[in-house]
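Below: the structure, in structure tokens.
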Amino acid sequence: MTKVGTDYTGIVVCALVHDGKGNILLLKRGNGARDEHGAWDICGGALDFGEAIEDGLRREIKEELATEPEQIKFMRPLSVVRKQNGAKTHWLALCHAVRVKPSTVTLAEPHKFDELGWFSTGSLPNPLHSQFHKILAMAKQAKIV
């Protein structure tokens, strides 16, 4: 049986969620997450077969944060090649910046994430997901944060 991300490249939609005022939302990955348990990460997940990119992004935001985006801005794709449990993995991340209304956000997947929090770029939590700094750099280049 083939496995996405290991036997072939997987595609994920991801969102650097922000409030439009310089704060970003991060989720702390729990034991139910696929990998990097305990790391703070952005919102996102696998794009379903036949699903439009923006529909997948909206679905992931709804599933993880129980809210709707106010604004979506595509930044760029990111090729993520790394090791997970000793095996090489490859994902193509379609990276977006998504503005939401903070008062509407809740942790909707407590089986995957231990907590969520709003942070300024000058006071980020640790540890951060291995790919976070690449996505933050994209957002800074696009003048989103």
Side-chain angles (χ1 to χ4, degrees), residues 3-6 8-48 51-145:
K3 186 175 177 185
V4 65
T6 303
Y8 61 94
T9 304
I11 299 174
V12 296
V13 288
C14 60
L16 181 74
V17 175
H18 65 96
D19 64 0
K21 298 175 183 173
N23 299 302
I24 57 175
L25 179 78
L26 296 175
L27 299 148
K28 187 175 183 182
R29 298 173 70 85
N31 289 333
R34 183 179 63 242
D35 59 10
E36 297 199 42
H37 307 129
W40 289 88
D41 197 6
I42 64 172
C43 180
L47 185 66
D48 291 340
E51 187 175 41
I53 294 167
E54 190 170 306
D55 291 345
L57 184 69
R58 288 179 180 278
R59 175 184 49 75
E60 286 293 336
I61 291 166
K62 186 73 166 175
E63 287 175 3
E64 294 180 5
L65 306 175
T67 194
E68 297 288 335
E70 289 186 320
Q71 180 186 53
I72 296 173
K73 181 176 180 177
F74 178 68
M75 292 189 291
R76 68 176 178 82
L78 175 65
S79 183
V80 179
V81 178
R82 60 194 169 118
K83 292 234 179 200
Q84 178 184 344
N85 300 324
K88 183 178 178 181
T89 65
H90 187 189
W91 293 88
L92 178 63
L94 303 174
C95 303
H96 299 77
V98 176
R99 190 182 73 228
V100 301
K101 186 175 181 179
S103 63
T104 65
V105 173
T106 59
L107 180 58
E109 289 189 323
H111 58 286
K112 290 184 181 177
F113 303 101
D114 292 338
E115 60 183 297
L116 61 77
W118 288 94
F119 303 92
S120 71
T121 57
S123 64
L124 295 170
N126 281 307
L128 291 165
H129 188 276
S130 64
Q131 303 303 302
F132 176 76
H133 289 292
K134 295 174 186 176
I135 295 165
L136 181 61
M138 282 184 218
K140 286 181 177 180
Q141 185 177 22
K143 297 182 180 6
I144 292 162
V145 295

Lys83: partners by side chain to side chain contact (heavy atoms under 4.5 Å, CB included), with sequence neighbours left out: none

Residue pair His37 / Asn31: nearest heavy atoms and the distance that separates them: NE2-O, 3.5 Å

Residues forming a ring-ring contact (aromatic ring centres under 6.0 Å, His included) with Trp91, sequence neighbours excluded: none

From Ile24 atom CD1 to Leu26 atom CG, the distance as rounded to the nearest 0.5 Å: 4.5 Å

Lys28 and Phe113: CA distance, side-chain angles, deciding distance, side-chain contact (heavy atoms from CB on, under 4.5 Å) verdict: CA-CA 5 Å; Lys28 187 175 183 182; Phe113 303 101; 6.0 Å; no

Set of residues satisfying side chain to side chain contact (heavy atoms under 4.5 Å, CB included) with respect to Pro77, sequence neighbours excluded: Phe74, Leu92, Leu94

Sequence neighbours excluded - side chain to side chain donor-acceptor pair (under 3.5 Å) pairs with any residue from residues 132-145: Gln131-Lys134

All pairs passing salt bridge (Lys or Arg N to Asp or Glu O under 4.0 Å) where residues 84-106 contributes a residue, at least two apart: Glu70-Arg99

Gap separating the SG atom of Cys95 from the CG atom of Leu136, nearest 0.5 angstrom: 11.5 Å

Heavy-atom closest pair, residues Pro102 and Asp19: CG-CB, 3.5 Å

Partner residues of Lys73 under the salt bridge (charged side-chain N to carboxylate O under 4.0 Å, His left out) criterion, sequence neighbours left out: none

Met138 and Ile144, any side-chain heavy atoms less than 4.5 Å apart: no

Pair Thr104-Leu65, side-chain contact (heavy atoms from CB on, under 4.5 Å): steps then yes or no: CA-CA 8 Å; Thr104 65; Leu65 306 175; over 6 Å; no

Note, His96 side chain near Ile53 side chain (heavy atom, < 4.5 Å): yes

Test salt bridge (charged side-chain N to carboxylate O under 4.0 Å, His left out) applied to Glu36 - qualifying residues, sequence neighbours left out: Arg82

Under 3.5 Å, which donor-acceptor pairs link side chains of residues 38-48 to any protein atom two or more places apart or in another chain?
residue: Asp41; atom: OD2; partner: Arg29; partner atom: NH1; Å: 2.9
residue: Asp48; atom: OD2; partner: Arg59; partner atom: NE; Å: 3.4

Partner set under salt bridge (charged side-chain N to carboxylate O under 4.0 Å, His left out) for Arg34, not counting sequence neighbours: none

Sequence neighbours excluded, every pair satisfying ring pair (Phe, Tyr, Trp, His ring centres under 6.0 Å) that has a member inside residues 8-35: none

All side-chain hydrogen bond (donor to acceptor under 3.5 Å, both in side chains) counterparts of Arg76, not counting sequence neighbours: none

Side-chain heavy-atom pair Val100, Leu25 within 4.5 angstrom cut-off: no

Contact check, side chains of Phe132 and Leu16, non-hydrogen atoms, under 4.5 Å: yes

Minimal non-hydrogen separation, Pro69 against Arg58, with atom names: CD-NH1, 3.6 Å

Approximate separation, where rounding is to 0.5 Å, of Leu57 CG and Lys62 NZ: 13.5 Å

Side chain to side chain donor-acceptor pair (under 3.5 Å) pairs, two or more places apart, involving residues 109-121: Ser120-Ser123

Approximate separation, where rounding is to 0.5 Å, of Lys3 NZ and Thr89 OG1: 9.0 Å

Evaluation steps, side-chain contact (heavy atoms from CB on, under 4.5 Å), between Val12 and Glu60: CA-CA 10 Å; Val12 296; Glu60 286 293 336; over 6 Å; no

